Trainee: 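Please see the structure below; I have some questions.
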Amino acid sequence: MQKWSKTEKQTQRISFLLFDQFSNLALANLLEPLRAANALLGYAAYTWQICTPGDRTVQSSSGLPVMPTTPLGEIGRGDILYVVAGYDHQTHARPATAKMLRALAGHFQVMAGIDTGSWLLGAAGLLDGRRATVHFDRTEAFAERFTSINVQRARWVRDGGRITCSGGMAAFDLACELIGEDHGTALLLELTQLFMSDGSHATQAPPQIRSDRRVDLCLRMMAAQIENPLTIAELARKVDCRQRDLELRFNKHFGATPRQVYKRLRLNAAKRMLIADGLSIAEVGLRVGYADASAFARAFRQEFGCNPRDVARGIALQNSGETPMTGP
């Protein structure tokens, strides 16, 4: 069962090993959720460094040059190493690369192959006897080349201390899911709201929830009814579900009740308005369904541990060492 919130403040140490012709989409989709999580949490929950073979500047498949931030010899120990590759993966799959990856495996709790980074892990023998995936264009060739790997056509696969991910779009969902496991589904929900693409108050369900049609639909209706909240009974009727069944589904996916999730969606929207829109506290409260400004301030304080006025002035963010955000 998912946990709604966690108070763990141990910093996760993440490293990225980039190869020439890597997918910049994959890198951004892994990195930006970490940056946003730090900002939303108000402390450095994640630190990261970028390394490259030979400590050289590498180019993405779109021609973007990226310099390493840390020499490979100084990479140290960490929690996850993301091996990010794209085109030219077979050129990179040399004995020297395999030797390097095997050595690095002793420094990290998890080795993750992203896009054709999975191919490089496979060539290093780091996926033998495990389930794994790769970019879908290379699935058949991957299975033929590495017969000791249980190849699966999946967005990502986790098997012990190995993660393999099929590509750039899946990388975002993978990063969000890992953050949710570290810090709870309340933060995961806020992340998916922050990175919404349509500029509205709508939200996309976190990745592990989209398979539950009723919960997904309920989330969308909640997000569409921020200013005039529906009752939980009304939501249950609209998704053709008994209220008790809906509560069980939310508890399974979020570790929280529908009421808790709805409240968080509304207050997440309020926080974004306070930071970006320059509205009064009373106006923001009205826009997220609170007719009484005092009730809104009290709910906000209970949810986030700070006053809405402090967030509007940037004080809460300044005290946490962050700067106000207006978008992802």
Side-chain angles (χ1 to χ4, degrees), residues 12-23 26-27 29-31 34 46 48-56 58 61 66 68 70-168 170-171 173-175 177-178 181-182:
Q12 291 274 316
R13 296 162 297 173
I14 311 296
S15 293
F16 297 91
L17 179 59
L18 308 182
F19 287 81
D20 264 321
Q21 298 297 297
F22 73 93
S23 167
L27 175 62
N29 278 345
L30 293 167
L31 186 53
L34 302 179
Y46 299 94
W48 53 85
Q49 56 190 351
I50 293 175
C51 301
T52 64
D55 303 330
R56 298 185 303 272
V58 295
S61 56
V66 176
T70 303
L72 197 55
E74 299 176 14
I75 196 170
R77 296 190 175 274
D79 295 285
I80 302 178
L81 173 66
Y82 287 106
V83 179
V84 188
Y87 298 106
D88 291 347
H89 57 281
Q90 297 197 47
T91 301
H92 298 313
R94 301 186 300 265
T97 301
K99 182 180 178 181
M100 173 183 65
L101 291 174
R102 286 194 293 268
L104 289 170
H107 290 256
F108 291 89
Q109 294 183 23
V110 175
M111 296 284 283
I114 309 299
D115 202 312
T116 60
S118 304
W119 191 288
L120 302 183
L121 292 184
L126 295 172
L127 299 177
D128 288 353
R130 297 177 185 265
R131 295 174 294 109
T133 193
V134 72
H135 192 285
F136 287 173
D137 285 349
R138 307 304 299 156
T139 300
E140 292 184 8
F142 189 61
E144 292 172 359
R145 171 66 177 80
F146 303 109
T147 56
S148 60
I149 299 174
N150 180 3
V151 179
Q152 300 185 352
R153 189 178 177 88
R155 303 191 76 223
W156 68 78
V157 173
R158 301 169 67 179
D159 191 336
R162 302 288 182 267
I163 297 175
T164 48
C165 178
S166 61
D173 285 349
L174 170 63
E177 179 163 297
L178 295 175
E181 290 179 2
D182 290 339

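Position 1 is the first residue of the sequence, and the numbers go up from there. Quick caveat: nothing in here was measured; it's all calculated off a predicted structure. FYI, side chains are in, hydrogens and waters are out, and symmetry mates aren't considered; it's all heavy atoms of this structure.
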Trainee: Enter the distance from Leu127:CG to Arg162:CZ here, rounded to the nearest 0.5 Å.
Mentor: 7.0 Å
Trainee: Check the pair Tyr82 / Leu17 against side chain to side chain contact (heavy atoms under 4.5 Å, CB included), numbers first and verdict last.
Mentor: CA-CA 6 Å; Tyr82 287 106; Leu17 179 59; over 6 Å; no
Trainee: OG of Ser15 to CG of Leu81: how many Å apart, nearest 0.5 Å?
Mentor: 6.0 Å
Trainee: Should the pair Glu177-Arg158 be classified as a salt bridge under the 4.0 Å nitrogen-to-oxygen rule?
Mentor: yes
Trainee: For Leu121 and Ala112, which heavy atoms make the closest approach, and how far apart are they?
Mentor: CD1-C, 3.8 Å
Trainee: Please test Leu31 against Phe16 for side chain to side chain contact (heavy atoms under 4.5 Å, CB included), starting from the C-alpha separation and ending with a verdict.
Mentor: CA-CA 9 Å; Leu31 186 53; Phe16 297 91; 3.9 Å; yes
Trainee: Using modelled atom types only, decide if a donor and an acceptor are shared between the side chain of Arg77 and the backbone of Gly106 within a distance under 3.5 Å.
Mentor: yes
Trainee: Between Asp173 and Arg155, is the side chain to side chain contact (heavy atoms under 4.5 Å, CB included) condition met? List the steps.
Mentor: CA-CA 9 Å; Asp173 285 349; Arg155 303 191 76 223; 2.7 Å; yes
Trainee: Can you measure from CG (Leu126) to CD1 (Ile149) and round to the nearest 0.5 angstrom?
Mentor: 9.5 Å
Trainee: When you measure from the side chain of Thr133 to the backbone of Gln152, do you find a donor-acceptor pair of N or O atoms at a distance under 3.5 Å?
Mentor: yes
Trainee: So do the side chains of Leu34 and Trp48 get within less than 4.5 Å of each other, counting heavy atoms only?
Mentor: yes
Trainee: With side chains defined as the heavy atoms from C-beta onward, is the minimum distance between Leu101 and Val83 less than 4.5 Å?
Mentor: yes
Trainee: Any heavy-atom pair between the side chains of Gln12 and Asp182 that's under 4.5 Å?
Mentor: yes
Trainee: Can you tell if the side chain of Val151 reaches within under 4.5 Å of the side chain of Thr139, non-hydrogen atoms only?
Mentor: yes
Trainee: What pair of heavy atoms forms the shortest contact from Val157 to Ala132, and how long is it?
Mentor: CG1-N, 4.0 Å
Trainee: Mind checking what makes side-chain contact (heavy atoms from CB on, under 4.5 Å) contact with Tyr87, not counting sequence neighbours?
Mentor: Gln21, Ser61
Trainee: Is the side chain of Asp20 donor-acceptor paired with the backbone N or O of Asp88 at a distance under 3.5 Å, no angle test?
Mentor: no
Trainee: For the residue pair Leu27 and Phe22, establish whether any side-chain heavy-atom pair is separated by less than 4.5 Å.
Mentor: yes
Trainee: Find the distance between OG1 (Thr52) and CG (Leu18) and round it off to the nearest 0.5 Å.
Mentor: 7.5 Å
Trainee: Distance check, rounded to the nearest 0.5 Å: Arg94 atom CZ versus Leu120 atom CG?
Mentor: 10.0 Å
Trainee: So which heavy atom on Pro53 is nearest to which on Phe19, and how close?
Mentor: CG-CE2, 3.5 Å
Trainee: Would you find a donor on one side and an acceptor on the other, under 3.5 Å apart, between the side chain of Asp79 and the backbone of Arg13?
Mentor: yes
Trainee: Quick check: do Trp119 and Gln90 have side-chain heavy atoms less than 4.5 Å from each other?
Mentor: yes
Trainee: Find the distance between OG (Ser118) and CH2 (Trp156) and round it off to the nearest 0.5 Å.
Mentor: 13.5 Å
Trainee: Determine whether Thr70 and Asp55 make a side-chain contact, defined as any pair of heavy atoms from C-beta on separated by less than 4.5 Å.
Mentor: no
Trainee: For a quick test of reading the model, state the closest non-hydrogen atom pair linking Ala98 to Ala123 and the distance between them.
Mentor: CB-O, 4.0 Å
Trainee: Evaluate side chain to side chain contact (heavy atoms under 4.5 Å, CB included) for Thr116 paired with Phe142, printing each intermediate quantity in order.
Mentor: CA-CA 9 Å; Thr116 60; Phe142 189 61; over 6 Å; no
Trainee: Quick one: does any side-chain atom of Ser166 pair with a main-chain N or O of His135 as donor and acceptor, under 3.5 Å?
Mentor: no
